[in-house]
Amino acid sequence: MSDEEEVPEQVAIRRQKRQTLLDRGAQAYPVSVPITTSIAQLREQYGELDAEASTGVSVGIAGRIIYSRNTGKLAFATVAAGSGETIQAMVSLAQVGEESLADWKALVDLGDQIFVQGEVITSKRGELSIFVDSWQMAAKALRPLPVAHKEMNEESRVRQRYVDLIMRPEAQIMARTRVKTVSALRTSLSNREYLEIETPMLQTQPGGATARPFITASNAFGIELYLRIAPELFLKRAVVGGLDQVFEINRNFRNEGADSTHSPEFAMLEFYQAFADYQDMATITRELVQESAHAVAGSLTVTHLDGSQHDLSGVWPQVDLYGSLSEVTNQIVTPETDRATLEQMCADIDIKFAPTWVNGKLVEELFEHYVIPTFTGPTFVMDFPVDTSPLTRDHRSRAGVVEKWDLYVDGFELATGYSELVDPVIQRERLVEQASLGANGDKEAMPLDEDFLRALEHGMPPSGGVGLGVDRLLMALTGQGIRETVLFPLVKPERDR
RNA sequence: GGGUCGCUAGCUCAAUGGUAGAGCUGCGGACUUUUAAUCCGUAGGUUCGGGGUUCGAGUCCCCGGCGACCCA
């Protein structure tokens with residue numbers, strides 16, 4: 001430790017306490033401490049004791065000091081396990097002796113990981129406690145924790161999630177809810193005979209969605225590589241090969257802005273099923289969301305952090321995209337509606353559009369503006385414009401639209417499902433058209449993936465497919481923003497201050 | 001991309017353009033049943049960075065950084 005190094009006073013003091021421990025032959029960071037049980041287990045086993053009970057049972061436990069009350073000859077501390085269970089430690093002069101009590105007061109700080117060994121008792125006020133025979137530093141914290149009874153600001157919570165997890169039970173709950181949710185998705189899909197497979201994150205050309213990719217490079221191959229924007233084209237290759245029901249839960253990367261519903265890297269579930277169509281996939285998607293809600297909340301009514309309740313039960317309504325837009329605007333809009341009319345409608349409500357935007361994109365913008373705010377519960381939006389959905393097959397009976405739905409929950413898009421386009425000739429035409437858009441400067445358009453087309457030319461069975469945002473599912477279940485659902489969201493680096 | 005708001009002590013926040021403060025934390029002391037312990041004392045600042053206006057800037061203006069919210 002250099003004297004020239006500028007550290008806050010409280011950090012310097014804690015470093016000195018660490019050194020004091022070492023100087024007297026104790027350890028500040030022992031390789032292990034002899035715990036015999038967990039705080040949670042003690043709570044479960046002895047949670048019902050009366051006040052001033054003694055058990056005669058001696059245990060060793062470890063945890064983080066989150067409150068400390070040093071009185072004269074009997075000191076109290078609240079020791080917390082990572083998941084939030086707490087137990088009180090009582091350090092008395094009579095039990096540990098003068099020197100040990102003095103060291104406890106002088107060297108143990110809020111935030112330290114501590115080991116205590118002693119009898120399980122309850123205090124006069126009935127608090128479950130360890131009456132300490134001996135104690136030992138388990139890991140000295142060199143930085144002070146923020147104050148416990150004021151909320152940290154949002155930026156610090158995201159930048160230092162480890163502190164957020166220590167201080168805020170909601171952060172712990174969210175992290176654990178995410179695990180439950182992903183696990184429920186895997187279980188639900190596995191119960192339906194789906195196989196979880198892994199497809200490339202590094203791709204020689206990005207595809208399966210319209211988005212700008214992150215670009216990287218292979219030194220060994222001397223070529224550009226792209227972080228995937230979607231796994232779709234590989235999952236479909238797997239279906240061509242006879243893996244009839246496949247899914248993947250993993251990260252996608254899109255080189256775009258971040259806001260309360262978008263993150264540059266986000267977790268996505270995609271699943272594909274041969275001999276299913278988009279209606280079949282809508283049913284499975286609803287069931288997956290409902291089974292996740294049940295796993296997380298024990299009910300199909302989920303409660304958000306603000307206390308509002310959201311019912312996810314039942315069969316969810318399906319609204320027709322063009323039909324509902326026509327209804328809300330009192331103006332017939334169809335796939336045949338001409339460009340000038342659409343542009344005028346957008347201009348009327350100040351939607352700024354680029355000349356490169358296709359008609360379907362204008363329709364979708366209008367739809368988002370007019371219709372989405374009218375949804376009151378989970379809603380499937382059915383049958384999208386052809387020109388924004390190059391990987392979806394034409395509707396079986398309606399011209400100008402494709403068999404695609406978007407599932408909206410709480411006003412945002414949670415999932416999207418297709419009857420997949422499997423005709424390799426039409427797929428090639430669509431991709432060529434997309435590639436020409438790319439040549440015209442639309443950086444989101446898809447390049448031509450010859451190997452994917454070759455796979456389709458081997459015959460892909462009629463199939464349904466779905467993409468579901470895992471972060472967004474967490475948002476729907478908890479009512480939190482995307483940055484709260486992700487443990488360590490991307491944050492811009494702090495400049496030197 | 002546009003707009004609004006914010007950034008001050010370890011943390012949460014104050015401060016008409018006029019000596020930068022409080023609570024908690026820390027440090028010293030008292031206290032053998034405390035629960036955000038209490039009581040007494042005390043320390044702690046590059047006010048996000050840079051420039052400008054002014055006798056004087058945390059405060060006003062400009063540029064930049066980071067974040068939140070709203071709009072597109």
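Values below: every heavy atom of this structure, side chains too, minus hydrogens, waters and symmetry copies. Protein chains get the first letters and strands the later ones, always in sequence-line order, with residue 1 at the start of each.
In this structure, of B:G10, B:C11, B:C66, it is B:C66 that holds the atom nearest to the side chain of A:Glu155. The side chain of A:Lys492 lies closest to B:G67 when the candidates are B:U12, B:G26, B:G67. Listed nucleotides: B:C11, B:U25, B:U33. Nearest to the side chain of A:Leu110: B:U25. Side-chain proximity of A:Ser156 to B:G26, B:U12, B:A68: nearest is B:U12. Here the side chain of A:Lys17 is nearest to one of B:U12, B:G26, B:A36, namely B:G26. Of the candidate nucleotides B:C66, B:C11, B:A43, B:A43 has the atom lying nearest to any side-chain atom of A:Glu9. Of the candidate nucleotides B:G26, B:U32, B:U12, B:U12 has the atom lying nearest to any side-chain atom of A:Val147. Counting only heavy atoms from C-beta on, A:His149 has its side chain closest to B:C24 among B:U33, B:G26, B:C24. Each of B:U32, B:G26, B:A68 was ranked by its minimum atom distance to the side chain of A:Thr71; first place goes to B:U32. Taking every side-chain heavy atom of A:Tyr67 into account, B:A36 is the closest of B:A36, B:C11, B:A72.
Rounded to whole Å, the separation between the P atoms of B:G28 and B:U33 comes to 23 Å. Look at the C1' atom in both B:U53 and B:A43: the space between them is 37 Å, to the nearest Å. Remark: the separation of the P atoms in B:G3 and B:C61 is 15 Å, to the nearest Å. Spacing between B:U47 and B:C55 at atom P, rounded to whole Å, works out to 23 Å. A gap of 23 Å separates the C1' atoms of B:C66 and B:A57, to the nearest Å. Here, B:G64 and B:C69 have their P atoms 23 Å apart, quoted to the whole Å. Comparing the same atom, C1', in B:C31 and in B:C13 gives a spacing of 31 Å after rounding to whole Å. The C1' atoms of B:G44 and B:C11 are separated by 13 Å, rounded to the nearest whole Å.
Contact annotation for A:Ala75: no contact, since no heavy-atom pair falls under 4.0 Å across all strands. Contacts of A:Gln88 with the nucleic acid, taken as non-hydrogen atoms under 4.0 Å apart, include base atoms.
A donor-acceptor pair shorter than 3.5 Å can be found between the side chains of A:Ser100 and A:Trp135. Side-chain contact check for A:Glu364 and A:Thr388: at least one donor-acceptor pair (N or O, by modelled atom type) lies under 3.5 Å. For the residue pair A:Thr341 and A:Glu343, no side-chain donor N or O sits within less than 3.5 Å of a side-chain acceptor on the partner. Side chain to side chain, A:Gln27 and A:Tyr29 fail the donor-acceptor criterion of an N or O pair below 3.5 Å. There is a side-chain donor-acceptor pair under 3.5 Å between A:Gln309 and A:Thr303.
Taking 4.0 angstrom as the limit, A:Lys150 places none of its side-chain polar atoms (N or O) nearer than this to OP1 or OP2 of B:U12. Distances shown here put a side-chain N or O of A:Arg483 below 4.0 Å from the OP1 or OP2 atom of B:A68. Contact check, A:Asn153 against B:A68: no side-chain N or O comes under 4.0 Å of OP1 or OP2.
Across all strands shown, B:C66 is found opposite B:G6 as a Watson-Crick or G-U wobble partner, with both distances under 3.5 Å. For B:G1, the paired base is B:C71 (Watson-Crick or G-U wobble, both distances below 3.5 Å). Across all strands shown, B:U38 pairs with B:A30; the Watson-Crick or G-U wobble distances both stay below 3.5 Å. In a base pair of the Watson-Crick type (N1 to N3 plus N6-O4 or O6-N4) or a G-U wobble (N1-O2 and O6-N3), with each distance short of 3.5 Å, B:C60 is matched with B:G52. Judged by Watson-Crick or G-U wobble contacts below 3.5 Å, the nucleotide B:G17 has no partner. Nucleotide B:U12 forms a Watson-Crick or G-U wobble pair with B:A22, both donor-acceptor distances falling under 3.5 Å.
Rounded to whole Å, the distance from CD on A:Gln160 to P on B:U12 is 10 Å. Remark: P of B:A9 and CD of A:Gln10 are 13 Å apart, rounded to the nearest angstrom. Distance A:His369 NE2 to B:C71 P: 10 Å, rounded to the nearest Å. Straight-line distance from the CZ atom of A:Arg159 to the P atom of B:G10: 18 Å, rounded to whole Å. A:Leu93 has its CG atom 13 Å from the C1' atom of B:C31, to the nearest Å. One atom, CD1 of A:Ile482, and another, C1' of B:G67, lie 17 Å apart when rounded to the nearest Å. Atom CG in A:Asn70 sits roughly 13 Å away from atom C1' in B:G29 (whole-Å rounding). Across the protein-nucleic acid pair, A:Lys105 atom NZ and B:G26 atom P stand 14 Å apart, rounded to whole Å.
Because its NZ or CZ atom is both nearer than 6.0 Å to the ring centre of A:Phe384 and within 45° of the ring axis, A:Lys404 counts as a cation-pi partner of that residue.
Mapping A:Met90 and A:Asp109 onto RNA chain B via the closest heavy atom, the residue that lands nearer the 5' end is A:Asp109. Place A:Glu154 and A:Ser129 on RNA chain B by their nearest nucleotides, and A:Ser129 ends up nearer the 5' end.
Judged by distance alone, with hydrogens and angles left aside, the side-chain atoms of A:Arg251 form no donor-acceptor pair with the main-chain N or O of A:Glu265 at under 3.5 Å. Between the side chain of A:Asp387 and the backbone N or O of A:Gly360 there is at least one donor-acceptor pair closer than 3.5 Å.
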